[in-house]
Every structure is written in C-alpha cells, then in structure tokens.
Protein chains: 2
Amino acid sequence: MNDPHPRSTRERLLDAAERLFAEHGFAATSLRTVTVTAGANVAAVNYHFGSKEGLLRAVVDRAMTSVNGERLRLLEELRASDRKPTVEQLVRAFVVTGASIVERSGTHGRDVARLLGRVMVEPDPAIRRLFGAEVAPVEGQYLQALQTALPQLPPNEVAFRYRAMVGLLALYQSDTLGDLHPGHRTEGDIATTQETERLVTMLTAAFRAPAAAT
Amino acid sequence: MNDPHPRSTRERLLDAAERLFAEHGFAATSLRTVTVTAGANVAAVNYHFGSKEGLLRAVVDRAMTSVNGERLRLLEELRASDRKPTVEQLVRAFVVTGASIVERSGTHGRDVARLLGRVMVEPDPAIRRLFGAEVAPVEGQYLQALQTALPQLPPNEVAFRYRAMVGLLALYQSDTLGDLHPGHRTEGDIATTQETERLVTMLTAAFRAPAAAT
DNA sequence: CCCCCATTCAAACGATCGTTTCAATCGTAC
DNA sequence: GTACGATTGAAACGATCGTTTGAATGGGGG
C-alpha cells in the first residue's frame, strides 16, 4: 500500500505532540501515545528531539513563531498608519491573532491555540520559562505601544494589565473559560469571533481604567 | 522521641497534598512524594481516600468549602445593606476572598489559593468538573447579583465576564500572572493587597463596559 | 556494485507510577 | 487481660514511564 503518512516523521511527531499536549497537558501525555498517533517509533522522539522536553520545545517554538510573526506584523501595520494606535486597536491586534491562527489553518490551528494556552499554565517552572522566552520579543513591543497609548498609567500598571491580557487570552484559547460547566459549547467559528469581540471589549475597558489608588 | 506530627495522618496527608498539588500540579505529583512529606505510609492514601483522585477530591473540597463560605458571607453582607450592591462591591467581595484566605492562615492559605488556581486549569476533564461542581453554588448567587447591578447587559454577556473574572483570579492565585518572567516577585503581603486592588479595578471596568456589538 | 550515513525498528533498560496485600500495631470496650 | 476494629507498616503487584541499545532498512554518491 502507499505511505499513509506523506509528511516526514519529524513533522508527524510535531503535529501529534501539538494536539496531545494541547488536549491532555505535557505531564499527562506519554511519548508512546504521541508516537502511536504519529505512526512512528518511540525512539524517533529521542532521535529527532533528544528528549520529551526537547519535543515540547520544538512544538512550542513552531507554534509560537507563527503567532509572534502575526502579532508583530499587525503591530507594524498599526504603527505605519498616520494616527497613533488606540488601546482598542492594540488589544484587538493582540487578541485576534489567536483566533486568526485558528481560522487560517482549521483544526490544526485550534490545536496551536490550545497548546499555547496550556503551556502558559503548566506548573513546571522550566516549561513556563520556555513560554516566557518565546513571548518576550513581542512583549517589549506591545508594552511600549500600550504605554504610549496610555501615558497617564504607571509602567508597572501597564505591565500588570498586559500580563492579565496574555493570561486571559491563554485561558480562552485553552477552552478553560468555556467548559467549566459543560453543555454550552458551540464549537462553531461564529461563537469564536463573538467571544473574541467580547474579550476585546473587556480588555480595552480594563486597560482604560484609571490606576488603582495606592 | 515525641511524635513529630501532632495532627492526624488524614490531616497531614491533606496538608501535604494541598501544597504539592498547588506547586507541581496533580499529574506531576506522585503519591509517594505526598506520603513522604506527610510522614505517612503509601497505603494510607488508599485507606483514607480510596485513590489518588479521591485525595484530590478531599483536598479541593476542604479548600473550596472555606472559600465558598467566605464568598457567600460577603455577598450576604452586601445584600443586607440598604443600597443595592455596586459592581465594584461585588467584584471586590469575590476577588478579595482569595487574598483574605491567604492572610488569615499564612503559608497554608497561600497553598489553598494556589491549589484552587491550579485545579481550575488542570487539563483532565474529570478534575475540571470537580472544580466546576464546587464553585456552582456560589456562581448562581453572584451571577444574579451582577445581573441586577448590570441590567443593561445580556445575561450571557454577564456570564462570560464572570467566567473571565474567575479565570483571571485563578491565574493570579496560582502565580501564573507574575512569574512568566522571573525576577520581579515581591512575595510580600504589601504587593498582594496592591495587586488585589489592581484586579478589582480592571475587572470592575471590564464588567461596566457596554456589550460588544454583534 | 558497494559503501555510507541517515533513519527506523523491535526490544529491553531501570525507574517510578497507583494500587494491593497482609501482617503488625494501636487504642479501647468488655 | 483479652478480644476487636481501626489504623499503620513493609513489601510487592503489574503497568507504564522516558530513555537507550543495536541491528535492520533504505536510498544516494563513489
């Protein structure tokens, strides 16, 4: 019979790991589950990625690269305009990226979003640092743009709210916001864009709030 | 020598599990680590709680009971007042509970907060359902009070923002918001109350925002 | 043709997992 | 004191974990 897996073993491993890590988390996903799903051998993981953590690193890196690129592209677009970017524009550019990734690449894209949301809330400090290193380049740019749009807000206040935005988006992307109580998940893209808009509305208002009195 | 563990084995297991689950997550914490920390035998877990998941259930239940009680007490206090509770009062009552638990019982309280934050973002659906069942009684009361304070907002919009509040608080309590980039953690109670106030400010503004256009 | 090197494979490694067994131990009521 | 139910202890269960080994495979360049 023909090869049922046209993609290379390395790519199939990345795809399978991306989906399974997003679904069950890193610790609860065994390498054997990954390799069986990918139609590969257990040893292939250590051959291509060195270790289980190396596989995670590669998965996160691949997913993060596209997201980071999209975020920076949108930010550059806003800056190229003649007006200074508003808070809402900045928030929307940041939040919509997740949804756009989903829509662009279908099921695979949803896994990417869920994976990144999941990795951020992983307990293992090493994994958290991995995620932090990946978002660092984008963070600097957005913090600066947000600070410019909110000159009356102290920098640490802006940073706190930025982290809240990242975190809330991560929860949304990992479906943690929706299915605490099962039974009202719409699963459609209509709800996706609506909820994205809800997030933008909430976060924009949160950013615009005056600094809390100390 | 005297007994170095005055508390009962059952309580010591709960304490140890609470701290370790909060620190490393459920899947990454072994029963042997728990029992060694508690100064107990491995079999004691299955004797007192039936299984590892039974231990988690007991830990979450103990932690959630006190938090739920405090939340409902504060809500009742607001309702007993002559004025209708404002959005800010409701948000503060909800958010401050986490911090108050921490301050009341010291290190132990911090573990409680981290545990609940961690459980909410656990990948395992069974664990998530466990958390969902625990917060359900409080959720109904708060949703109703928030809806009364925000009559112009559609109910599903209120529910979405409520879930965002729960999620954001969970991230804050599990230290996920702070140490994405290590090195700026103050660890003191001063920062705790300040960041609590920041959350209240943000969330209040987020609730007050007009509904997103559809 | 043959060698070579990258890749894949089955198999096994030692370690650790959650769980179970059963004897030892304890306090307590009779 | 003795019997009894509750609790604890050491040890082992089978399963699964991440990782390693060493041989088989297969295509491309000499």
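Proteins get letters first, then strands, A, B, ... in listed order; numbering begins at 1 in each.
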query = Are A/E70 and A/R73 ion-paired here, with the side-chain N under 4.0 Å from a carboxylate O?
reply = yes
Interatomic distance, B/N41 CG vs C/dT20 P [rounded to whole Å] = 14 Å
ask   = Of the candidate nucleotides D/dT8, D/dG18, C/dG18, which contains the atom at the shortest distance from the side chain of B/L31?
value = C/dG18
Donor-acceptor under 3.5 Å (A/T176 side chain, A/Y172 main chain) = no
ask   = Considering only D/dC17, D/dA6, D/dT19, which nucleotide approaches the side chain of B/Y47 most closely?
value = D/dA6
task = Could you check how far CZ of A/R12 sits from C1' of C/dT7, rounded to whole Å?
result = 12 Å
query = For B/V42, which contact category applies under a 4.0 Å heavy-atom criterion: base, sugar-phosphate, or nothing?
reply = base
For atom CZ of A/R10 and atom P of C/dT7, their distance in whole Å = 10 Å
ask   = Out of D/dA6, D/dA12, D/dG9, which nucleotide sits closest to the side chain of B/R32?
value = D/dA12
query = Heavy atoms under 4.0 Å, any strand shown: does B/T29 hit a base, just sugar-phosphate, or nothing?
reply = sugar-phosphate
inquiry  = Could you measure the distance from the CE atom of B/M120 to the CG atom of B/L115? Nearest 0.5 Å is fine.
reply    = 13.5 Å
ask   = Is there a donor-acceptor pair under 3.5 Å between the side chain of B/R161 and the backbone N or O of B/F207?
value = yes
Integer-rounded Å distance: D/dT19 P and A/K52 NZ = 8 Å
ask   = A/A43 has a side chain; which of D/dT20, D/dC17, C/dT8 sits nearest to it?
value = D/dT20
request  = Please report, rounded to the nearest Å, how far the P atom of C/dA10 is from the CG atom of A/N46.
outcome  = 16 Å
